[in-house]
Amino acid sequence: MLNSITEFITALGKYDFLQSALLTAVMVGVMSGIIGSFIILRGMSLMGDAISHAVLPGVAIAYMLGINILLGASVFGILAAILIGFVASHSKIKTDTSIGIVFSAFYALGFILISMAESTTNLHHILFGNILAVSDSDIMTTAVVLALVILFVSIFYKELLVTSFDETYAKTYGLKTQVIHYALMLVLTLVTVSALQTVGIILVVAMLITPAATSFLWTDRLSIMLYLSAGVGVVSSVTGLYLSYTFNWASGPAIVLVAAMLFAVSFVVSPKQGFLFKKRTRKTEVEEGLKYETNID
Amino acid sequence: MIDIRDLTVAYDDTPVFTDVAVQFNAGKITGIIGPNGAGKSTLIKAVLGLIKSQEGTVTYNDRPFSEVQKKVAYVEQRKELDLNFPINVLDVVITGTYGQLGLFRNPGKKEKLASQEALKQVSLEEFASRQIGNLSGGQLQRVFVARTIVQEADIIIMDEPFVGIDLQSETAIMKIMKQWRDDNKTIIVVHHDLNKVSKYFDDLVIMNHGILDYGPTARVYNAQNIEQAFSSDLSDVLFEEEVGS
C-alpha cells in the first residue's frame, strides 16, 4: 500500500499526463462539490442526473462539427432543463416523470449521434470517463468552468441560499426565482461536461450528490457545507485517481466508489446521524411545554 | 389599502371562487376565516402572485400589487419548509433583508445588527446560532416573525401563524402584530381558531368559496354569518352565551 503510494507520487513527478489528471481531478472535485450542495438541498438529485445524461447529443454534435464540447453540451443541457419544466408545468404529469421522459430521449439521441460519428473509443470515454487522457485544452476549459462556478456562487450566494431554503418567500419579495433556477441549470451543465473527463456521463451524478450529501451530515451551515463538500470531492477524485493508476481501474468507478465509502463512514459516525454520538439537543418542545395541535385546514 | 376586484381563481377549470371583491385596510389587523377548502390560502396566494388568477385586479394604494412586491412580507404555513436545511436562526432572519439589498449587495454589519435586534423582540436572542430544525413550532414561528420585522414591509400576510404553537409564542406574535398595526401597516391573517376572532382582529373576512361578508369584526362576526359559513352547530356553540345572557 505505502509502496504503491510512493510509486504514484514518483510517477506524478515523471509523467505529464498524470499531472494533468491530478489537476483536473482536483478542479472537478471542487466544482462538483459546490454545485452538488445546491442540487441536493433543492431536492434536485434526479434533475442533476437528467442534465448530465441529456448533454450527450450536444457532446456528439460538438464532435461532429469540431466545436467546443462545452458549447454543444450547454445548449442541450439547458434545452433539457427547459423541456422538463415545460412538460411538468403544462400538463398534469409530475416533474419526476417529465424528467424521466426527457432525459432518456436525449440520452438515446446522443447515443445514436455518437455512433454516427463513428468514434467508439470516445463513446467509452464519455460514458465512463478517462482521466488519464486529459489534454491541455481540456485543462484550460475545466479551469474556466471552475472560475465560473466560484464566481457564480460568490456573486449569487444569497440568492442561491434563499431560493434553496424558501423559494416561496423569495418570490414574494420579488426575486426572479426562475432566472436563478435556469442559471443554476446552466452552471450544472458546464460542471457536468467537465466531470465527463473524470467520471463519465453515467457517474456524474455521483460526483454531484455523494460528496455534498457527505458534508451535509457534518455541518449545519451552508457556507461550511460548500467548503467541506468541495474538500470531499477533491479527496474522492485524487484517491480515485491513485486507485485508477495503481490497479488499472476505470477512473470513474474508482472515484465514485471512494466518494461512496466516505459517505458510508460519515453515515455511521457523523453527529447528525447520531449512530455513534447523540446530538446534544433534538427538539425543545419539552422545555417549552408545547401543545400539539393538528392543522385543520 | 389593498383593493381586490373581480378576482377569479381556478385550479384545473374548477373555480375556487369567482368575482371576489374585498378591501384590506392599513392600520388594521384583518382576519380571514372560513371552513376547510373555502379558498382562504388561495386568496392570499393569488394576491401575492404565487398562483395565477384567471380574472380580476389587485391594487395597493391604486398601484398594481406586483409593483409593490418589495413592501410585502409573507409568512407561509410552516409545514412547507425543509427544516433540515443547513441554516441557523440568525441567518434565516437575515434573509429578511435580501429584498431591500437587491442583487449584488450582501448583508453586512447593519443587517446583522437589525436581525439580532429583531430576534430580541421575539425573545429568541439566545437561539441565534441554533439550526432551525432544533426549535419548537412556536419558536420557529417567532423566527419568521423576526424575519418579517427586518423586512420592514408595509403589507404583512400570514397563513395560519398560530397553528401548533404554544400560547407564549402566540401572545408574543400578537403583540408584534399590534405594533405593526400602530405603525399603520396592513396585516392579513388567515386563521382557523374561531374562539379568539373578536379578540385578535379589527376587521374580518368570512369566506366560503367566495366572500360571505367582510367589515369590522364587531359587525361581521355574528351567529348568522358563522352559521352560513360553517354550520349552525358551530354557530350555536360560539354564540349561545350571548344569546343566553
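First the proteins, then the strands, lettered A, B, ... as listed; each starts at 1. All values below were derived from every heavy atom in this structure, side-chain atoms included, with hydrogens, water molecules and symmetry-related copies excluded.
Smallest separation of non-hydrogen atoms from B:Arg105 and A:Lys158: O-NZ, 2.9 Å.
For the side-chain contact (heavy atoms from CB on, under 4.5 Å) with B:Pro86, the qualifying choice from A:Trp218, A:Phe165, A:Phe216 is A:Phe216, the only one to do so.
In terms of modelled atom types and a separation under 3.5 Å, the side chain of B:Lys71 and the main chain of A:Tyr173 share no donor-acceptor contact. Distance alone, capped at 3.5 Å, places no donor-acceptor pair between the A:Lys171 side chain and the B:Leu48 backbone.
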Fill in: Criterion salt bridge (Lys or Arg N to Asp or Glu O under 4.0 Å) on A:Asp220 and B:Arg130, from CA distance to verdict
CA-CA 9 Å; A:Asp220 277 340; B:Arg130 195 180 277 204; over 6 Å; no
Discussion item. Does A:Arg221 form a side-chain contact (heavy atoms from CB on, under 4.5 Å) with B:Asn88? I'd like the steps, not just the answer.
Written reply: CA-CA 7 Å; A:Arg221 301 208 64 182; B:Asn88 66 26; 3.6 Å; yes
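For A:Leu161, the parts lying under 4.5 angstrom from a heavy atom of chain B are both the backbone and the side chain. Using a 4.5 Å cut-off between heavy atoms, A:Thr168 contacts chain B through both its backbone and its side chain. For A:Tyr157, no part sits under 4.5 Å from any heavy atom of chain B, backbone or side chain. Neither the backbone nor the side chain of A:Ser37 comes within less than 4.5 Å of any heavy atom in chain B.
Note on B:Gln151, B:Lys45, B:Gln100, B:Arg147: by heavy-atom pairs under 4.5 Å with chain A, the leading option is B:Arg147.
Atom CZ of B:Phe144 sits about 10.0 Å away from atom OH of A:Tyr169, to the nearest 0.5 Å. Rounded to the nearest 0.5 Å, atoms OG (A:Ser223) and CG (B:Asp91) are 7.5 Å apart. To the nearest 0.5 angstrom, A:Asp166 atom CG is 10.5 Å from B:Asp82 atom CG. Atom-to-atom distance recorded for A:Glu159:CD and B:Leu103:CG is 5.0 Å, nearest 0.5 angstrom.
Atom OH of A:Tyr227 is surrounded by 12 or fewer heavy atoms from other residues, nucleotides or ligands within 6.0 Å.
Between A:Leu175 and B:Tyr98 there is no side-chain heavy-atom pair separated by less than 4.5 Å.
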